[in-house]
There are 2 protein chains.
Amino acid sequence: MMSRNPADTRTRILETAWKLLESGDKAVRMSDIAKGAGISRQALYLHFPNRAELLIAVTRHIDSVNDVDTRLAPSRAATRGVERLETFIAAWGGYIPQIHGISVALRAMQGDPEAAAAWDDRMQAVRHGCAAAIRALATDGDLREDLTEEAATDLLWVLLSVENWERLVRDCGWSQDAYLREVTALAHHALLAQSRS
Amino acid sequence: MMSRNPADTRTRILETAWKLLESGDKAVRMSDIAKGAGISRQALYLHFPNRAELLIAVTRHIDSVNDVDTRLAPSRAATRGVERLETFIAAWGGYIPQIHGISVALRAMQGDPEAAAAWDDRMQAVRHGCAAAIRALATDGDLREDLTEEAATDLLWVLLSVENWERLVRDCGWSQDAYLREVTALAHHALLAQSRS
DNA sequence: TGTCAACTTTACACTGTGTCAAGTTGATGC
DNA sequence: GCATCAACTTGACACAGTGTAAAGTTGACA
């Protein structure tokens with residue numbers, strides 16, 4: 001028993017789970033994570049009460065590793081609405097690949113109310129970002145006239161969903177660059193009063 | 001034992017499963033379907049080899065009840081590209097509510113390769129419809145110049161995904177009418193060379 | 001009357017999650 | 001040096017849901 005530091009073990013579990021989820025191919029059972037982290041399956045339950053909590057902890061771990069606030073800083077700093085929209089799409093769209101694996105696992109646990117709530121919270125956070133961008137657009141008078149701010153927020157939020165990223169990048173074989181480019185262009189055409197390329 | 005006709009029992013199973021999936025609230029186990037159809041759980045396996053095959057049979061049943069070909073006739077009959085796009089969105093978008101329940105169940109069975117393949121097939125069929133509409137647009141010269149036919153097909157396909165419908169109608173509380181209206185408008189702005197309302 | 005097909009009941013194997021209890025082991029304090 | 005404690009181990013078990021197997025019931029039909 002080399003490393004007996006509980007914090008070490010915890011992060012090793014989280015990193016292992018992240019890696020396994022990211023690789024995506026399989027189902028990722030508790031025993032897989034335990035084996036990957038080099039501990040017994042039961043030891044997982046010394047660190048996390050159940051699978052849902054473990055997955056939720058993984059998302060928080062990914063967030064802290066990636067420093068979400070820093071990623072979003074350019075968007076918050078943007079002065080013009082269009083700029084804010086573009087930087088937000090770049091920030092969130094660039095973050096999706098990181099959380100894609102955990103997203104699949106969490107959505108597959110629809111049965112568990114805790115897991116559902118955790119994923120829902122994250123999506124609501126994204127929605128707030130969308131709302132802020134749309135509000136900035138509206139303030140500049142750049143929002144398409146026949147769209148409510150509410151409706152525009154919903155549309156942008158849906159457009160930027162992880163599922164859409166999965167479809168385009170994984171199913172359609174788009175590169176991450178192509179995804180960002182086309183989604184940004186689509187948002188322009190769909191949301192702005194007059195589209196400027 | 002009143003109705004001993006196997007075909008009757010089969011359709012009763014399919015209708016029951018459809019109804020239960022549509023209601024959406026719960027997990028819909030084999031025993032739920034059996035109870036709903038008024039037979040024993042084991043009798044299900046006299047009609048379907050496993051859960052995946054049953055779910056697939058439900059989708060086929062829904063298709064036959066709803067007569068998909070008739071729904072798509074207006075789209076195929078459309079002469080101009082824009083008209084074809086609009087009628088296709090109306091047809092498919094109007095069909096989504098019917099298959100929404102089974103869609104959730106089938107996607108939740110990602111583990112099962114048969115279920116995955118079945119859902120994939122259906123999505124590819126939708127994609128073909130998207131491709132036909134895009135091709136018609138391109139032929140008319142109405143497609144946005146900076147879009148490949150391929151890319152435009154991908155975008156339309158993603159836009160019309162069941163997941164996006166779920167988000168907008170279920171999560172955001174849009175009416176089916178609002179969904180069809182806004183999605184059609186979005187497709188116009190996103191895909192057409194110059195948007196005409 | 002006998003046979004067959006649809007269906008029933010009971011029982012069990014398998015997988016994956018989560019719980020419980022009784023060890024083992026290494027660091028730390030005294 | 002010795003006890004203690006926390007992290008971890010092994011092994012067993014309950015539970016849910018799917019799928020399999022086997023033996024019995026029942027109604028239709030020839």
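Here is how names work: the chains are called A, B, and so on, in the same order as the sequence lines, proteins then strands, and each is numbered from 1. The structure presented is a predicted model; accordingly, all values stated were derived computationally and were not measured.
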Quiz item: Under a 4.0 Å N-O cut-off, is there an ion pair linking B:Arg29 with B:Asp32?
Solution: yes
Self-check item: Set of residues satisfying side chain to side chain donor-acceptor pair (under 3.5 Å) with respect to A:Arg127, sequence neighbours excluded
Solution: A:Asp154
Quiz prompt | D:dA7 OP1/OP2 closer than 4.0 Å to side-chain N/O of A:Thr9 | solution = no
Quiz item: Applying salt bridge (charged side-chain N to carboxylate O under 4.0 Å, His left out), which residue pairs with at least one partner in residues 163-174 of chain B are found, sequence neighbours left out?
Solution: A:Glu163-B:Arg167, A:Arg167-B:Glu163, B:Arg107-B:Glu163, B:Arg107-B:Glu166
Quiz item: For A:Met109 and C:dG16, what is the distance between atoms CE and C1' respectively, to the nearest whole Å?
Solution: 12 Å
Exercise. Determine: side-chain N/O of B:His47 to OP1/OP2 of C:dA6, distance under 4.0 Å, yes or no.
Key: no
Quiz prompt | Rounded interatomic separation in angstrom, taking NZ from A:Lys26 and P from C:dT15 | solution = 17 Å
Practice problem: Return the value, rounded to whole Å, for the distance between atom CG of A:Asp8 and atom P of D:dA6. | Solution: 18 Å
Quiz item: What is the distance from CG of A:Asp32 to C1' of C:dT15, rounded to the nearest Å?
Solution: 12 Å
Quiz item: Looking at DNA chain C, which of residues 38-46 of chain A put a heavy atom within less than 4.0 Å of it?
Solution: A:Arg41, A:Gln42, A:Tyr45
Quiz prompt | Pairing residues for A:Val183 by the side chain to side chain contact (heavy atoms under 4.5 Å, CB included) criterion, not counting sequence neighbours | solution = A:Ile89, A:Leu159, A:Leu160, A:Leu168, A:Tyr179
Quiz prompt | Atom pair CD/OH of A:Glu53 and A:Tyr45 - distance to nearest 0.5 Å | solution = 12.0 Å
Are any protein N/O atoms closer than 3.5 Å to N/O atoms in nucleotides 14-17 of chain D? If there are, list each pair with its distance.
| from | atom 1 | to | atom 2 | distance (Å) |
| --- | --- | --- | --- | --- |
| D:dG17 | OP1 | B:Arg29 | NH1 | 3.0 |
| D:dG17 | OP2 | B:Arg29 | NH1 | 3.1 |

Exercise. With sequence neighbours excluded, tell me which residues meet salt bridge (Lys or Arg N to Asp or Glu O under 4.0 Å) with B:Asp140.
Key: none
Self-check item: Pairs involving residues 116-126 of chain B, ordered by first then second residue, that meet salt bridge (charged side-chain N to carboxylate O under 4.0 Å, His left out) (sequence neighbours left out)
Solution: B:Asp63-B:Arg122
Self-check item: Between D:dT18 (P) and B:Glu53 (CD): distance, integer Å
Solution: 16 Å
Exercise. Applying side chain to side chain donor-acceptor pair (under 3.5 Å), name anything that partners A:His47, two or more places apart in sequence or on another chain.
Key: none
Practice problem: Please identify each residue that fulfils side chain to side chain contact (heavy atoms under 4.5 Å, CB included) with A:Ala108, with sequence neighbours left out. | Solution: B:Gln110
Self-check item: Those residues that, when tested against A:Arg76, pass side chain to side chain donor-acceptor pair (under 3.5 Å) (two or more places apart)
Solution: none
Exercise. For the helix from C:dT1-D:dA30 to C:dC30-D:dG1, measure the angle between the helix axis at one end and the axis at the other, each built from five pairs, rounding to 10°.
Key: 10°
Quiz item: Which ring pair (Phe, Tyr, Trp, His ring centres under 6.0 Å) pairs, counting each pair once, include a residue from residues 77-119 of chain B, with sequence neighbours left out?
Solution: B:His100-B:Trp165
Practice problem: Rounded off to whole Å, could you give me the CG-to-C1' distance for the A:Leu55 and C:dT17 pair? | Solution: 13 Å
